[in-house]
Number of protein chains: 4
Amino acid sequence: MLIIDATSSTPIYEQIIDEVKEGILKGIIEPGEKLPSVRELAKMLTLNPNTIQKAYQELERQKVTVTIRGRGTFVSEDYQPRKDEERLMEVSELFKKGIVEAYYMGLTKEDICNLIEKLISELEGVEKDD
Amino acid sequence: MLIIDATSSTPIYEQIIDEVKEGILKGIIEPGEKLPSVRELAKMLTLNPNTIQKAYQELERQKVTVTIRGRGTFVSEDYQPRKDEERLMEVSELFKKGIVEAYYMGLTKEDICNLIEKLISELEGVEKDD
Amino acid sequence: MLIIDATSSTPIYEQIIDEVKEGILKGIIEPGEKLPSVRELAKMLTLNPNTIQKAYQELERQKVTVTIRGRGTFVSEDYQPRKDEERLMEVSELFKKGIVEAYYMGLTKEDICNLIEKLISELEGVEKDD
Amino acid sequence: MLIIDATSSTPIYEQIIDEVKEGILKGIIEPGEKLPSVRELAKMLTLNPNTIQKAYQELERQKVTVTIRGRGTFVSEDYQPRKDEERLMEVSELFKKGIVEAYYMGLTKEDICNLIEKLISELEGVEKDD
DNA sequence: GTGGTCTAGACCACC
DNA sequence: GTGGTCTAGACCACG
């Protein structure tokens, strides 16, 4: 399911983190579901297990997943979002950067809002099958 | 005017680019205005001139500024926005990442839209003095 | 009685050891009392019998329990504490690590002492019923 | 300055983290001070740079250090302790484990308190020279 | 020079 | 089987 762009400037392990988080929001990966094992995913993506490991560890640190010794890595069932002033700043910076770039491309405020709407609906629109 | 965070993970040269572009949008820096010379800015920010150089080169590549030999670097007067499919993808990725993170912080769709609105108005709210 | 957190980074077999030892100190489990059989406990906690086995073996190695062939595992009636220089070092390391972390959380020396007092009284406060 | 025990069950990278944090509390390493570079320390301790890297990244994640691109890793000057319910639990667990072990060694409540006092004074007792 | 990422391949503890 | 740690050595971006 995961698509990795080896040529991207964003590190591979970060792409994995992002895709997993996105997949969960979209409902493609469900809470409680088991992620592929480190070695398995490494083989699937023809990457080094260490790279997957790094991604999985960060996902666990963010409480997106939990790992059960000897069993594997699972999507958290009870993710508790918490608003953190610092993280809010980071997200704001991300958005600000995007907005500035958008303006430089000639997009209007309306264009930007439409784009955001579209992106949000892409995340929410996918319904779970089970 | 420029505020640089040496400890940030975004490279310093990129911070400079971002701040200049943001300053222009806000009207703090005006079209035709001369930017400080590389050496000057390097001294002001106590940074390596190479770093400033890299930022200025990138700004020029993006046609945000023009450099006139022997005179200095100036903000373009006739910036022509171009919708570039590739850049649009990049911006979308930026926003998508922000949205995913926002959701993981517990923000609702409405929260996100409000945040975007706020950020846009911060950029537009500052009126030019001339 | 035993509460196991499969997602914890401390191995399950170690959690069992810790809980048994704590239970004995608290008087919840009494000297001479029979512990559940390996299979029984494995079923109760839905764990692999090997895991329980490992915990029981370690408890016996530490002389906290004794195993009687064909009868089961029992809490030692005559546990003889021995001050062991090496173990004292280990415990000191444990405390030191805790103290360092506590300081990094902004706790004062007094806070730490209060916390220790509280934890000790939690162990001692539970009186035996027999 | 750092002493690593390769035979210990605590991972090397964690030992490094612990020793750095302890060194800072003791005043052996001062705020603003530069830590040895990844490669340098790797050579000093005859360890793989990756191992040091992991330790340094975790230290930065905990805000104990900051890294300045191209310059190195420095001890934070403005560490802001924050009490976190979860971390408090972890520290409590650490202490509880230590207390249980101490009891099993025959230490009395008084012994434990004295030990704690001693460990705290070891951290605080070392005064800075500058 | 610095830290950051990645590969290749190994060994370990745990379940 | 699982994840976790570590070594060896490489390449890259940044300042």
Side-chain angles (χ1 to χ4, degrees), chain A residues 4 6 8-16 34-42 45-57 59-60 65-74, chain B residues 4 6-16 42 45-55, chain C residues 4 6-16 42 45-55, chain D residues 4 6-16 34-42 45-60 65-74:
Chain A
I4 299 303
S8 164
S9 64
T10 39
I12 294 175
Y13 79 94
E14 208 174 312
Q15 291 182 46
I16 296 173
K34 183 181 179 300
L35 296 185
S37 80
V38 170
R39 289 168 176 80
E40 217 176 329
L41 190 53
L45 304 175
T46 57
L47 292 172
N48 188 289
N50 283 332
T51 307
I52 313 291
Q53 174 78 325
K54 189 164 186 178
Y56 275 20
Q57 276 182 350
L59 281 169
E60 186 172 17
T65 60
V66 293
T67 101
I68 301 180
R69 323 265 303 208
R71 299 262 325 276
T73 301
F74 300 81
Chain B
I4 299 302
T7 71
S8 165
S9 62
T10 35
I12 291 176
Y13 83 94
E14 207 174 313
Q15 291 183 47
I16 295 172
L45 303 175
T46 58
L47 291 173
N48 189 316
N50 290 333
T51 308
I52 314 291
Q53 181 75 320
K54 188 163 186 177
Chain C
I4 300 301
T7 70
S8 165
S9 62
T10 37
I12 291 176
Y13 82 96
E14 207 174 314
Q15 291 183 48
I16 295 173
L45 303 175
T46 57
L47 292 174
N48 190 315
N50 291 333
T51 308
I52 314 290
Q53 180 75 319
K54 187 164 187 178
Chain D
I4 298 303
T7 71
S8 165
S9 64
T10 40
I12 294 175
Y13 81 93
E14 208 174 312
Q15 291 182 45
I16 295 172
K34 183 183 180 298
L35 296 184
S37 81
V38 169
R39 288 167 177 79
E40 217 176 330
L41 190 53
L45 303 175
T46 58
L47 293 171
N48 188 289
N50 282 333
T51 307
I52 312 292
Q53 175 77 326
K54 188 164 186 179
Y56 275 20
Q57 276 182 351
E58 178 61 16
L59 280 169
E60 185 171 19
T65 60
V66 292
T67 101
I68 303 180
R69 322 265 303 208
R71 299 260 326 274
T73 301
F74 300 81

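Proteins get letters first, then strands, A, B, ... in listed order; numbering begins at 1 in each. Because only heavy atoms are used, hydrogens play no part in the values below, and waters and symmetry mates are left out as well, while side chains stay in.
Separating the CZ atom of D:Arg39 from the C1' atom of F:dT7 is a distance of 16 Å, rounded to the nearest angstrom. Between D:Lys34 atom NZ and E:dT2 atom C1' there is a gap of 8 Å when expressed in whole angstrom units. Taking atom CG of residue D:Asn48 and atom P of nucleotide F:dT7, one finds them 5 Å apart after rounding to whole Å. Rounded to whole angstrom, the span from the CD atom of C:Gln15 across to the C1' atom of E:dA13 amounts to 15 Å. To the nearest angstrom, P of E:dG3 lies 9 Å from CD of D:Glu40. A:Leu59 has its CG atom 12 Å from the P atom of F:dG4, to the nearest Å. One can place CD of D:Glu58 at 17 Å from P of E:dG3, the figure rounded to the nearest angstrom. Taking atom CD1 on D:Ile52 and atom C1' on E:dG3, their separation rounds to 13 Å, with Å as the unit.
Counting only distance, with no hydrogens or angles, the side chain of D:Glu58 and the backbone of D:Glu14 share no donor-acceptor pair below 3.5 Å. In this structure, the side chain of C:Gln53 does not engage the main chain of C:Asn50 through any donor-acceptor pair within 3.5 Å.
Checking F:dT7, F:dC14, E:dT2 against every side-chain atom of B:Tyr13, the shortest atom distance belongs to F:dC14. Looking at the side chain of A:Ser37, the nearest of the listed nucleotides F:dC14, F:dT2, F:dC6 is F:dT2. Of all nucleotides listed (E:dT7, E:dG3, E:dC15), E:dT7 comes nearest to the side chain of A:Ile12.
Taking side-chain N and O atoms only, D:Lys54 has a distance below 4.0 Å to OP1 or OP2 of F:dT5. When the side-chain nitrogen and oxygen atoms of A:Gln57 are compared with OP1 and OP2 of F:dG4, one or more of them lie within a distance under 4.0 Å. Contact check, D:Gln53 against E:dG3: no side-chain N or O comes under 4.0 Å of OP1 or OP2. Note on D:Thr51: a side-chain N or O is less than 4.0 Å away from OP1 or OP2 of F:dT7.
In this structure, E:dG3 forms a base pair with F:dC12, meeting either the Watson-Crick or the G-U wobble geometry with both donor-acceptor distances under 3.5 Å.
Residue A:Thr73 is in sugar-phosphate contact alone, with no base atom involved, counting any heavy-atom pair closer than 4.0 Å across all strands shown. In this structure, C:Leu47 reaches neither bases nor backbone, as no heavy-atom distance under 4.0 Å exists between it and the strands shown.
Position along DNA chain E of the nearest nucleotide to C:Glu14 versus A:Thr46 favours A:Thr46 as the more 5'-ward residue. Map A:Thr67 and A:Asn50 each onto its nearest nucleotide of DNA chain F; the residue landing nearer the 5' end is A:Thr67.
Looking at every heavy atom in both residues, D:Thr67 comes nearest to D:Glu60 through CG2-OE1, 2.8 Å. The two atoms that bring D:Lys34 and D:Arg71 nearest to each other are CE-O, 3.3 Å, heavy atoms only. Summarising the geometry of A:Tyr56 relative to A:Thr65, their closest heavy-atom pair is O-OG1, 4.1 Å, with the distance given to 0.1 Å.
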